[in-house]
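Here the structure is laid out as structure tokens; the discussion comes afterwards.
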Amino acid sequence: MAKLYFRYGAMNSGKSTALLQAAYNYEERGQRVLLAKPEIDTKGASQIESRLGMTREVDFLIGSEDDARALFAVHRQRIRDEVDEELLPAAPADVACLLIDEAQFLTPEQIDDLFRIAVLDGIPVLAYGIRNDFRTHAFPGSARLLAIAHTLEELKTICRCGRKAVFNGRRVDGRFVFDGDQVAIDGVAVTYESLCGNCYLEESGGVLG
């Protein structure tokens with residue numbers, strides 16, 4: 001049976017790099033894959049961007065109101081049609097895997113769609129994302145993934161002090177902040193730093209959430 005996988009980690013834990021490597025591994029073996037990410041993640045527009053400099057265009061974006069399974073079905077059929085029309089006669093006749101970047105930004109209902117793709121459609125889904133926001137609150141999409149994913153895998157990174165990083169500190173104009181909207185995309189004014197519990201509490205004045 002195909003499974004829904006959630007591969008999670010703090011910022012800078014190599015999630016996008018791991019996703020692109022997984023896509024490469026499938027394709028190196030002659031398999032077809034589909035890549036997607038939430039539309040709200042405006043960093044990189046319609047591309048997945050690794051901090052190591054690798055980029056790749058996604059096959060589709062998922063809007064906040066979209067049915068993720070229906071979108072997947074459209075693009076899965078496109079792959080099948082390419083084979084039917086003998087545009088890619090040597091390619092497999094179906095999608096081998098769906099890979100999702102920044103899965104924390106999906107809604108719980110869309111995470112349920114991913115589960116249905118795995119269980120009912122028989123296509124493995126590899127979802128990559130972070131668990132918690134800068135206030136240590138779980139993203140709704142991540143909370144749902146932690147509840148229903150068949151397999152959970154933590155991608156690890158380290159804090160500036162050398163300990164394992166588990167939290168994501170938000171900086172605005174270079175200073176840590178601990179209130180504001182849950183979603184603020186990493187960019188010029190807003191940046192993030194992966195922190196261990198000790199360093200997070202030091203910066204927050206002992207406050208969690």
Side-chain angles (χ1 to χ4, degrees), residues 1-11 13-20 22-23 26 31-50 55-80 94-155 168 180-187 192:
M1 182 185 77
K3 295 181 180 180
L4 171 59
Y5 299 81
F6 183 31
R7 296 175 175 172
Y8 64 90
M11 300 288 289
S13 59
K15 297 178 296 299
S16 296
T17 300
L19 183 155
L20 295 173
Y26 272 98
Q31 303 296 307
R32 304 294 301 279
V33 298
L34 287 172
L35 278 65
K37 73 173 189 175
E39 192 174 56
I40 193 174
D41 178 39
T42 54
K43 184 180 180 182
S46 59
Q47 290 187 326
I48 293 173
E49 291 187 343
S50 161
T55 62
R56 175 165 170 168
E57 196 79 13
V58 299
D59 294 284
F60 60 97
L61 296 170
I62 304 172
S64 61
E65 301 297 323
D66 288 340
D67 181 319
R69 188 182 180 203
L71 273 176
F72 167 75
V74 169
H75 290 274
R76 182 186 190 185
Q77 189 58 49
R78 172 176 59 79
I79 297 296
R80 290 169 161 173
D94 204 352
V95 174
C97 183
L98 171 63
L99 298 108
I100 307 286
D101 198 29
E102 305 291 357
Q104 72 273 6
F105 294 140
L106 297 178
T107 67
E109 293 76 18
Q110 290 168 338
I111 299 303
D112 290 351
D113 288 338
L114 301 185
F115 186 86
R116 294 185 186 99
I117 290 169
V119 173
L120 300 180
D121 300 331
I123 304 297
V125 180
L126 278 60
Y128 295 77
I130 59 178
R131 290 183 302 172
N132 302 328
D133 65 17
F134 71 108
R135 298 169 298 176
T136 73
H137 297 166
F139 285 96
S142 298
R144 190 62 180 152
L145 278 162
L146 290 168
I148 68 171
H150 297 94
T151 300
L152 303 173
E153 179 183 343
E154 184 179 16
L155 304 178
N168 305 292
D181 293 338
Q182 185 174 54
V183 178
I185 304 303
D186 192 9
Y192 292 88

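The structure displayed is predicted, hence computed values, not measured ones.
The shortest distance between side-chain heavy atoms of Asp101 and Leu35 does not fall below 4.5 Å. Contact of the Ile123 side chain with the Leu34 side chain is not registered, since no non-hydrogen atoms from C-beta on lie closer than 4.5 Å. Taking 4.5 Å as the limit, some side-chain heavy atom of Leu114 sits within range of a side-chain heavy atom of Leu106. Side-chain atoms of Gln182 and Pro140, non-hydrogen and from C-beta on, do get closer than 4.5 Å to each other. Here the side chains of Phe60 and Val74 are not in contact, with every heavy-atom distance at 4.5 Å or above. The shortest side-chain heavy-atom distance between Ser64 and Ile40 does not fall under the 4.5 Å cut-off. Contact check for Lys37 versus Leu61: side-chain heavy atoms found under the 4.5 Å cut-off.
Put simply, CG on Asp59 and CZ on Phe72 are 10.5 Å apart, with the number rounded to the nearest 0.5 Å. Residue Lys15 holds its NZ atom at 12.5 Å from CG of Leu20, rounded to the nearest 0.5 Å. To the nearest 0.5 Å, the span separating OG on Ser16 from CG on Leu99 amounts to 11.0 Å. Remark: Arg131 CZ to Thr136 OG1 distance equals 10.5 Å, nearest 0.5 Å. Atom CG of residue Asp66 and atom CD of residue Glu109 lie 13.0 Å apart, to the nearest 0.5 angstrom. Rounding to the nearest 0.5 Å places CG of Leu19 at 10.0 Å from CD of Glu102.
Within a 6.0 Å sphere centred on CD of Glu57, other residues, nucleotides and ligands contribute more than 12 heavy atoms.
Under the side chain to side chain donor-acceptor pair (under 3.5 Å) criterion, Ser50 pairs with Thr17, not counting sequence neighbours.
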### Message
Go through it in stages, so that I can follow the logic: the residues are Phe6 and Glu153, the test is side chain to side chain contact (heavy atoms under 4.5 Å, CB included), and I'd like the CA-CA distance, side-chain angles, deciding distance and then a yes or no.
### Response
CA-CA 6 Å; Phe6 183 31; Glu153 179 183 343; over 6 Å; no
### Message
Apply side chain to side chain contact (heavy atoms under 4.5 Å, CB included) to residues Leu155 and Tyr128 and explain how you reach the verdict.
### Response
CA-CA 10 Å; Leu155 304 178; Tyr128 295 77; 4.3 Å; yes
### Query
Ile62 and Ile100: side chain to side chain contact (heavy atoms under 4.5 Å, CB included), yes or no, with the steps?
CA-CA 10 Å; Ile62 304 172; Ile100 307 286; 4.2 Å; yes
### Message
Could you go through Arg69 and Asp121, starting from their C-alpha distance and side-chain angles, then the distance that decides it, and tell me whether this counts as side chain to side chain contact (heavy atoms under 4.5 Å, CB included)?
### Response
CA-CA 9 Å; Arg69 188 182 180 203; Asp121 300 331; 2.8 Å; yes
Side-chain donor/acceptor pairs under 3.5 Å, residues 142-151, sequence neighbours excluded:
{"residue": "Ser142", "atom": "OG", "partner": "Ile130", "partner atom": "O", "Å": "2.5"}
{"residue": "Arg144", "atom": "NE", "partner": "Asp112", "partner atom": "OD1", "Å": "2.8"}
{"residue": "Arg144", "atom": "NH2", "partner": "Asp112", "partner atom": "OD1", "Å": "3.3"}
{"residue": "His150", "atom": "ND1", "partner": "Leu4", "partner atom": "N", "Å": "2.9"}

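Electrostatic pairing of Arg76 and Asp94 counts as a salt bridge here, judged by a charged N lying under 4.0 Å from a carboxylate O.
Side chain of Gln110 to backbone of Gly63: a donor-acceptor contact under 3.5 angstrom is found. In this structure, the side chain of Asn132 does not engage the main chain of Asn168 through any donor-acceptor pair within 3.5 Å.
Of all heavy-atom pairs spanning Ala2 and Pro124, the tightest one is CB-N, 3.6 Å. Closest of all the heavy-atom pairs between Tyr26 and Cys97 is CZ-CB, 3.6 Å.
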